[in-house]
Every structure is written in structure tokens, then in C-alpha cells.
J.: 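I'd like to ask some things about the structure below.
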Amino acid sequence: MRLRVNGVDREVPLEPRVSLLDALREHLGLTGSKKGCDQGTCGACTVWVDGRRVLGCLTLAVTCVGREVTTIEGIAPADGLHPMQQAFVDHDAFQCGYCTPGQIMSAIALLDEGHAGDDAQIAEWMSGNICRCAAYPNIRAAIRQCRDQREGARGATA
Ligand code: FES
Ligand code: FES
């Protein structure tokens, strides 16, 4: 089947039962998305399909044919970090880092969805992403920084 991942068409021989997460990690060499639980409860495998966050472990790769898949490897510009990645660095929003790719994919989507109004809302809409290191306050601080940067940029162009 042909999958379009991070703007590139990739031809990959897959059985219909293969998950998007396994397709990415095992067949396309994109190991940024992590396998935590493989049953939809941790969020470590979060990627975007047509710009919306999905759990790669619960999504069949075959359902993504003809759609745009984006992974953590596809969000940064060639010369640096995505602002959300930088915010995670600035706020020390990870310890072991295992959950971090999924957290970042969710966090960016959260801003696009308009669900970052306050800490309670951020916590609610990030609740599908578990951090065993409990970096939650730092993750929320990173999201607030990115949200404020975006709002500042919008204000400057208004
Ligand atoms: Fe997909 Fe945990 S690996 S939700
Ligand atoms: Fe270790 Fe989140 S940083 S699980």
C-alpha cells in the first residue's frame, strides 16, 4: 500500500491487519512514535492523520491510504525545532522522554483545536497522554508558552 507520511509518498508491503504505529516503526523506520501500551491507553503513539490526532496503535495503516500522516519526525523545520519542541526544552517538560513525542503531537493539536484556554482545560484535553515521570506541570507550562507565543503573533498581525 502507499502511505503519505510527512509529505513523502512511501510504498510499503503491509497486511491489512498492521497498525499505523507498527507500519511507521517497523516498516518505515520512523521510531519517534513510541509504543507504550499498544492498547489505546497511554498516548505515546499519538500522530496526526489529516491534521487530527489519532492513536497509531489503534489505527489500521490501511485506513490511512490517501490521507496525510504526520509524525514527530515531520513537524520541525529543517533548521531547528518546532516551537512546541523548544517550549518542552525550555520548561524541562520531560524526564525519560518516552512519552514526549506523543505529548508534543497532542500539545500542538490541542492548540489548533482551541483547547488550551487554562490549565484545567489543558489537563483535560491532554488526559489521553500519560507521563509515568509525572512531568505534567512542566508540560502544561510548555503548552502555555506556545499558546502565548501564538496569541502574541496573532495580535501582532491583527
Ligand atoms: Fe498507543 Fe499506548 S501505545 S495508546
Ligand atoms: Fe518519562 Fe513522560 S517523561 S514518561
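Counting starts at 1 for both ligands and their atoms, following the listed order. Side chains are part of it too, since the values below use all heavy atoms of this structure and drop only hydrogens, waters and symmetry mates.
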J.: Closer than 4.0 Å to some heavy atom of Cys37 - which atoms of ligand 1 meet that?
T.: 2 (Fe), 3 (S), 4 (S)
J.: What atoms of ligand 2 come within less than 4.0 Å of a heavy atom belonging to Cys133?
T.: 1 (Fe), 3 (S), 4 (S)
J.: I'd like to know if the side chain of Gln149 and the backbone of Pro83 have a donor-acceptor N/O pair within less than 3.5 Å.
T.: no
J.: Within ligand 1, which atoms have a heavy atom of Asp38 less than 4.0 Å away?
T.: 2 (Fe), 3 (S)
J.: Where the side chain of Trp48 meets the backbone of Thr71, is there a donor-acceptor pair that is under 3.5 Å apart?
T.: no
J.: Could you list the atoms of ligand 2 found under 4.0 angstrom from a heavy atom of Gly97?
T.: 1 (Fe), 3 (S)
J.: Is a side-chain N or O of Glu68 found less than 3.5 angstrom from the main chain of Gly7, in a donor-acceptor match?
T.: yes
J.: Suppose we measure from atom 3 (S) of ligand 2 to each protein heavy atom; which comes out shortest, and what is that distance?
T.: Gln95 N, 3.2 Å
J.: Roughly how far, to the nearest 0.5 Å, is the CD1 atom of Ile130 from the CD atom of Gln103?
T.: 8.5 Å
J.: Gly36 heavy atoms, cut-off 4.0 Å: which ligand 1 atoms fall inside?
T.: 3 (S)
J.: With a cut-off of 4.0 Å, which atoms of ligand 1 are near a heavy atom of Gly40?
T.: 4 (S)
J.: When you measure from atom 4 (S) of ligand 2 to every protein heavy atom, which one gives the shortest distance, and what is it?
T.: Arg132 N, 3.2 Å
J.: Examine distances only and state if a side-chain atom of Gln85 and a backbone atom of His82 form a donor-acceptor pair shorter than 3.5 Å.
T.: yes
J.: So if I count the atoms of ligand 1 from 1 in the order they appear, which ones are less than 4.0 Å from some heavy atom of Cys57?
T.: 1 (Fe), 3 (S), 4 (S)
J.: Ignoring hydrogens and geometry, is there a side-chain-to-backbone donor-acceptor pair from Gln121 to Gly117 under 3.5 Å?
T.: yes
J.: Using atom types as modelled and distance alone, determine if a side-chain donor or acceptor of Arg25 lies under 3.5 Å from a backbone N or O of Ser33.
T.: yes
J.: With Asp112, which of Arg150, Arg52, Arg53 fulfils salt bridge (charged side-chain N to carboxylate O under 4.0 Å, His left out)?
T.: Arg150
J.: Taking the side chain from Arg147 and the backbone from Ala116, do they hold a donor-acceptor pair closer than 3.5 Å?
T.: yes
J.: Assess Cys99: does it contribute an N, O or S atom lying under 2.8 Å from atom 2 (Fe) of ligand 2?
T.: yes
J.: Considering the heavy atoms of Thr41, write down every atom of ligand 1 situated less than 4.0 Å from one of them.
T.: 4 (S)
J.: Could you tell me which atoms of ligand 1, counted from 1 in the order shown, lie closer than 4.0 angstrom to a heavy atom of Cys45?
T.: 1 (Fe), 3 (S), 4 (S)
J.: Any N/O/S atom, backbone or side chain, of Cys42 lying under 2.8 Å from atom 1 (Fe) of ligand 1?
T.: no
J.: For ligand 1, indicate whether the residue Leu58 contacts it via side chain, backbone, both or neither (heavy-atom separation under 4.0 Å).
T.: neither
J.: Keeping the roles fixed (side chain from Tyr136, backbone from Cys131), state whether a donor-acceptor pair exists under 3.5 Å.
T.: yes
J.: Does any N, O or S atom in Cys131 come within less than 2.8 Å of atom 2 (Fe) of ligand 2?
T.: yes
J.: Compute the minimum heavy-atom distance from Ala135 to ligand 2 and say whether it is under 4.0 Å.
T.: no
